[in-house]
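In what follows, every chain begins at residue 1, and chains take the letters A, B, ... in the order their sequences are listed.
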There are 2 protein chains.
Amino acid sequence: MAKDKADLLQGTLDMLILKALSLGELHGYGIIQRIRQLSDEMLNVEQGSLYPALYRIEQKGWVSARWDVHDTGREAKFYKLTRTGRKQLETQEASWDRLVLAIAKVRQATT
Amino acid sequence: MAKDKADLLQGTLDMLILKALSLGELHGYGIIQRIRQLSDEMLNVEQGSLYPALYRIEQKGWVSARWDVHDTGREAKFYKLTRTGRKQLETQEASWDRLVLAIAKVRQATT
DNA sequence: TATGATGCCTACCGATTCTAGGTATCACCA
DNA sequence: TGGTGATACCTAGAATCGGTAGGCATCATA
């Protein structure tokens with residue numbers, strides 16, 4: 001893995017997954033690709049992180065899943081954002097913004 | 001605890017501590033106060049998070065510690081950023097910036 | 001035929017933060 | 001004097017969560 005690929009901070013993965021799905025239904029493997037692509041290759045979600053996360057998120061009711069066949073003729077499990085999930089995305093984005101702002105404030109401080 | 005106080009994400013605490021110490025030597029309790037103050041009360045580091053973190057950071061050589069008496073006449077353990085610690089702060093800030101940028105990119109995406 | 005990409009999954013590890021407790025000193029006020 | 005709250009340190013344990021490393025199957029392509 002390239003050095004410039006940052007490890008995620010704990011707590012950001014859910015938001016990224018929800019965001020990826022907010023752009024449209026997608027299967028797991030595709031979520032990884034979409035996040036990588038949207039972030040200009042800066043974010044690389046590992047499969048071992050994604051699938052457990054998807055399971056968690058589904059349990060919480062933020063996404064719904066169904067098996068389907070896509071264009072290429074292959075089967076895959078498609079995830080879709082629920083209404084609750086969309087709300088959750090907004091909440092998490094707001095939290096993220098707050099945190100980024102707060103940390104920026106601390107970093108502005110000068111000697 | 002007020003609702004608007006964000007929980008930290010794992011990985012951000014070290015950076016905040018190092019940043020607080022980059023403004024000058026300080027004892028543990030004071031670090032908590034300084035972070036809270038600089039962030040406009042948005043960030044509240046728990047003691048149970050701070051002290052173990054300080055121990056870790058000291059082990060890594062990013063800070064040095066010594067017991068001393070401060071103005072009020074009370075004893076406290078004062079932490080000081082080492083040269084390595086200052087480098088580490090820069091590294092962590094750069095990582096943070098990269099992550100914030102990457103996530104911003106993902107969030108820019110529209111349907 | 002073998003390799004790499006696609007696509008799913010699990011088990012376990014490691015790191016880190018929080019909760020909840022403990023101790024002690026000191027200032028202040030009833 | 002006694003109690004409370006702030007200051008100041010610490011630890012144990014729980015919980016969370018992302019990563020590593022494995023497994024399995026299909027498909028296209030070299």
Side-chain angles (χ1 to χ4, degrees), chain A residues 1-3 5-18 20 25-37 43-60 62-63 65-79 92 95 99 103, chain B residues 1 5-18 20 25-37 43-60 62-63 65-79 92 95-96 99 102-103:
Chain A
M1 208 59 54
K3 288 187 198 66
K5 278 194 183 147
D7 272 7
L8 296 176
L9 290 192
Q10 286 199 187
T12 53
L13 181 55
D14 288 3
M15 181 176 72
L16 289 169
I17 294 173
L18 294 176
E25 208 175 11
L26 201 54
H27 61 281
Y29 198 84
I31 293 174
I32 292 177
Q33 294 175 314
R34 185 173 284 174
I35 291 175
R36 181 162 48 218
Q37 179 214 326
L43 301 179
N44 187 55
V45 178
E46 301 295 334
Q47 293 192 17
S49 307
L50 182 79
Y51 292 111
L54 277 174
Y55 178 80
R56 281 198 307 267
I57 290 175
E58 190 184 358
Q59 292 304 303
K60 290 177 182 164
W62 299 346
V63 299
R66 67 181 172 82
W67 284 94
D68 203 356
V69 181
H70 55 127
D71 346 0
T72 69
R74 299 191 64 164
E75 282 217 328
K77 202 170 171 183
F78 284 80
Y79 292 88
Q92 295 204 2
S95 288
L99 180 66
I103 289 184
Chain B
M1 207 57 53
K5 279 194 181 147
D7 272 7
L8 296 175
L9 292 191
Q10 283 198 191
T12 53
L13 181 55
D14 288 2
M15 182 176 68
L16 289 169
I17 293 173
L18 295 176
E25 209 176 10
L26 201 53
H27 61 281
Y29 198 84
I31 293 173
I32 293 177
Q33 294 175 316
R34 184 173 283 173
I35 291 175
R36 182 163 46 216
Q37 178 214 326
L43 300 178
N44 186 54
V45 178
E46 302 296 334
Q47 293 192 14
S49 307
L50 180 79
Y51 291 111
L54 277 174
Y55 178 80
R56 282 199 306 270
I57 291 175
E58 190 184 356
Q59 292 302 304
K60 289 176 182 164
W62 299 346
V63 298
R66 65 178 174 83
W67 284 93
D68 203 355
V69 180
H70 55 126
D71 344 0
T72 70
R74 299 191 63 165
E75 282 218 329
K77 203 169 170 184
F78 284 81
Y79 292 88
Q92 295 204 3
S95 289
W96 173 253
L99 180 66
I103 289 185

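Considering only side-chain N and O atoms, B/His70 lies nowhere under 4.0 angstrom from the phosphate OP1 or OP2 of D/dT7.
In this structure, A/Lys77 places its NZ atom 18 Å from P of D/dA25, rounding to the nearest Å. In this structure, the CZ atom of B/Phe78 is 11 Å from the C1' atom of D/dA8, given to the nearest Å. The CG atom of B/Leu54 sits 8 Å away from the P atom of D/dC10 (whole-angstrom rounding). Taking atom CG of residue A/Leu50 and atom C1' of nucleotide D/dT20, one finds them 15 Å apart after rounding to whole Å. When rounded to the nearest whole Å, the span between NE2 of B/His27 and C1' of D/dC10 equals 15 Å. For B/Glu46 and D/dC9, the CD to C1' distance is 15 Å, given to the nearest whole Å. For the pair A/Tyr79 OH and C/dC9 P, the computed distance is 5 Å after rounding to whole Å. Rounded to an integer number of Å, the gap from CG of B/Leu99 to C1' of D/dG18 is 13 Å.
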**Complete:** Contact string for nucleotides 10-17 of chain C, one letter per nucleotide 5' to 3', B = base within protein heavy-atom range under 4.0 Å, S = sugar-phosphate only, - = neither, reads B---BBBB

Side chains of residues 9-17 of chain A: which donor-acceptor partners sit under 3.5 Å, not counting sequence neighbours?
{"unit_1": "A/Gln10", "atom_1": "OE1", "unit_2": "B/Gln10", "atom_2": "NE2", "d": "3.2"}
{"unit_1": "A/Gln10", "atom_1": "NE2", "unit_2": "B/Gln10", "atom_2": "OE1", "d": "3.2"}
{"unit_1": "A/Thr12", "atom_1": "OG1", "unit_2": "A/Leu9", "atom_2": "O", "d": "2.6"}

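Taking all atoms of both residues into account, the shortest heavy-atom contact from A/Ser49 to A/Val45 is CB-CG1, 4.4 Å. When all heavy atoms of A/Phe78 and A/His70 are compared, the closest pair comes out as CZ-CB, 3.5 Å. Here the closest non-hydrogen pair linking A/Gly28 and A/Leu54 is CA-CD1, 4.0 Å. Summarising the geometry of B/Glu58 relative to B/Tyr79, their closest heavy-atom pair is OE1-CE2, 4.1 Å, with the distance given to 0.1 Å. Taking all atoms of both residues into account, the shortest heavy-atom contact from A/Ile32 to A/Glu46 is CD1-C, 4.4 Å.
Residues B/Trp96 and B/Gln92 fail the side-chain proximity criterion, which asks for heavy atoms closer than 4.5 Å. Side chains of A/Gln47 and A/Tyr29 form a contact here, defined as non-hydrogen atoms less than 4.5 Å apart. Looking at A/Leu99 and B/Leu43, their side chains come closer than 4.5 Å, going by heavy atoms from C-beta outward.
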Under 3.5 Å, which N/O atoms of the protein pair with N/O atoms of nucleotides 23-27 of chain C?
{"unit_1": "C/dT25", "atom_1": "O2", "unit_2": "B/Arg74", "atom_2": "NH1", "d": "3.1"}
{"unit_1": "C/dT25", "atom_1": "O2", "unit_2": "B/Arg74", "atom_2": "NH2", "d": "2.8"}

